[in-house]
Amino acid sequence: MSALLTIRGLATHFPTQLGLVKAVDGVDLDVMPGECLGVVGESGSGKSVTFLSVLGLVRAPGRVVAGSIRFDGQELAGPDPRAARALRGRAIAVTLQDAGTALNPSMTVGNQILESLGAHDPGPSAADRRRRALDMLRLVGIPEPETRFEDFPHQFSGGMRQRVMLAIALACRPRLLIADEPTSALDVTIQAQVLDLLAELRARLGMTVVLITHDLGVVAEHCDRVAVMYAGQVVECGPTRQVIDLPSHPYTRGLLDSTPDLSRLDRKLRPIEGQVPELIALGAHCRFRDRCGLAEPRCDSAVAMRAVDEGHSARCVRAGEDQRSVRAGETP
Amino acid sequence: MRFGVVLERLAQLIPVLFGVCLVVFLMVTLTPGDPVEIMLGNERSTPEQAEELRRQMGLHLPPHERFFAFIGNAVTGDFGRSFFHRRPVIEVIAERLPATLELTIVAMTIALGLAIPLGILAALKRGSWLDRVATMVSLAGVSMPGFWFGIMLIMLFAVHLGWMPVSGRVDYALEVPRLTGMILFDSLAHGRFDTFRDALHHILMPALTLGLAMSALLMRVTRASMIEVLQQDYILFAEAKGIGRARLILRHGLRNALIPTVTVAALETGYLLGGNTIVETVFGWPGLARVIVEGIFSRDYPLVQAGVLVIALIYVGVNFVADLLYTLINPRVKL
């Protein structure tokens, strides 16, 4: 099966007064049709910028400097920005972290849905668009859509706003939804509702979903595959179960060890020592070297992705050669 | 509910206007000079005649009685008679107000017409030569005194080049019957395009003098606000919907960026409607500010008091309208 979205060697850089920030620096990723891919990493790991690059929405002065982004066989990272623009909202949609800031405060939610429809899928009439917009509100579980249609975003609760944002993003039935931290801004009780809704919509609309998050618990529950990002690169990628059971990059291991597990309250959380490296003036060495308890001379040169298993690879010199050596980082 | 709030706001105006009346009354009363002497001038008059005139004008009463008489009459809409014009001051003001109103409308049209597009462009092309030029021009606009800029315009376009009339509102030969008192409007209503052109010719330089100064601040506010709005998540989200660039900038960007611009524009409109003494004097514009200045020189107490009160009323009224407008453009704000 060929991938819906293929990213190869993507580099997105931001010139700043301190130097060139390589926010995304050589990312390879495949998103398969129909799957839910989790993209995990700390703030600044480049996970959001990677997908803003896909949509052609990197803010100046940042720009995509290298690489290829193919969506359904069509190149989006080429010189013509219209290629990405034509797909935005129609074939590829995005939801942002906080619907409270992502919705236009001076526009009714109804009009914000109608705007998407009007841009890509006007249909026969305004009445038809209105009916479809109401259907969207109903689909995402907004009670009394007819009355809420004329409401402004600030008149909705946080969870409802998140649903409204989904309704706007999905209005034109995109094939790929990029959900950027869909739950980070929400209360825990609402988080589960929104994730369940997302799973339900994905099944009903047959969408492919990229779920950007820093919460491995969310990934474990909802994603078929997971890509772990660190300092602008993908450091591990594979089927969710396999990556969680058999992490092959010390950073993934560290993330798992620093994730609380309510069923094992006796286990002590082990934070990863040190800081994410500055994305300016990165050396050729493994980017995790300075925080890694297992660093060795081989880590001083560039490290490529190495296969661990079928569909599972990691950017570590030890990946695939001896699993116990990576796992040795675990407390006995 | 909505109506109750409006009433409440109107009630709040009462102490404000009372305060304005008191301050103006005190200033007028404390100013040295005697209107009776000015009116009689060099004419030979006996002290009895002066006393008689003083009695007629009510100036023989002690100040506090005069003040309460003024307030009492003002509440009933009677602002007294002008000493100088010898008719009700309200008539004098009503005659001059349209000239100021007309100048304000044209000046604000120029100001907004320049400020909003330039503000948007400067925000979109931040740091470009266009942004820098616009910033420099607006800085010049704020710093240039109106009297100087007005005189320069007259010197260049009226005196040297002879393209523009030096002063006044319209050529006397072209006057049209009064309808609203705003000549641009009246001439169109009467189908007199020659008058319209002439009036436009006359208003251009004073309106430009005011408009450029006003546009400077408006442009800077629009630019700053637009820059802030364009960085908001909802702009990114709207762009991700794949809508056109014009719609993105106008409907999502400008619509939200205009909120502070409207506030400043309202303040400026209120200020302009009070009449600009300097510009009206430089261009011989027969507006409200000019008539008040004349009133001050001739110690025409009733005219000055009523004039200032009218300006205060207009100012407060415009800001009230701005608040109402605000709730329309910003759905998060309720009165």
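By convention in this document, chain letters (A, B, ...) are assigned in the order of the sequence lines, proteins followed by strands, and residues within each chain are numbered from 1.
- No part of Q97(A) comes within reach of chain B, as not one of its non-hydrogen atoms sits under 4.5 angstrom from that chain.
- Contact of Q232(B) with chain A is made through the backbone alone, with heavy-atom distances under 4.5 Å.
- Within the 4.5 angstrom heavy-atom criterion, atoms from both the backbone and the side chain of R251(B) approach chain A.
- Within the 4.5 Å cutoff, side-chain heavy atoms of I142(A) are placed close to those of F156(A).
- Of the atoms belonging to I178(A), not a single heavy atom falls under 4.5 Å from chain B.
- Ranked by non-hydrogen atom pairs under 4.5 Å with chain B, the options E115(A), M107(A), R85(A), R59(A) are led by E115(A).
- A salt bridge links R131(A) with D128(A): the closest approach of a Lys/Arg side-chain nitrogen to an acidic carboxylate oxygen falls below 4.0 angstrom.
- With a 4.5 Å cut-off on non-hydrogen atoms, I235(B) touches chain A through its backbone and its side chain both.
- E146(A) and R138(A) are joined by a salt bridge, as a carboxylate oxygen and a charged side-chain nitrogen come within less than 4.0 angstrom of each other.
- In this structure the side chain of L124(B) reaches within 4.5 angstrom of the side chain of L230(B), judged on heavy atoms.
- A salt bridge links K47(A) with E181(A): at least one charged nitrogen is closer than 4.0 Å to a carboxylate oxygen.
- Neither the backbone nor the side chain of A93(A) comes within contact range of chain B, judged by heavy atoms closer than 4.5 Å.
- R130(A) has a carboxylate O that lies under 4.0 Å from a charged side-chain N of E150(A), or vice versa, which qualifies the two as a salt bridge.
- Among L55(A), L52(A), L57(A), V94(A), the residue making the largest number of heavy-atom pairs under 4.5 Å with chain B is L57(A).
- With chain B as partner, the option from A169(A), G89(A), P105(A), S116(A) having the largest number of non-hydrogen pairs under 4.5 angstrom is P105(A).
- Salt bridge annotation for D121(A)-R173(A): absent, with no cationic side-chain nitrogen under 4.0 angstrom from a carboxylate oxygen.
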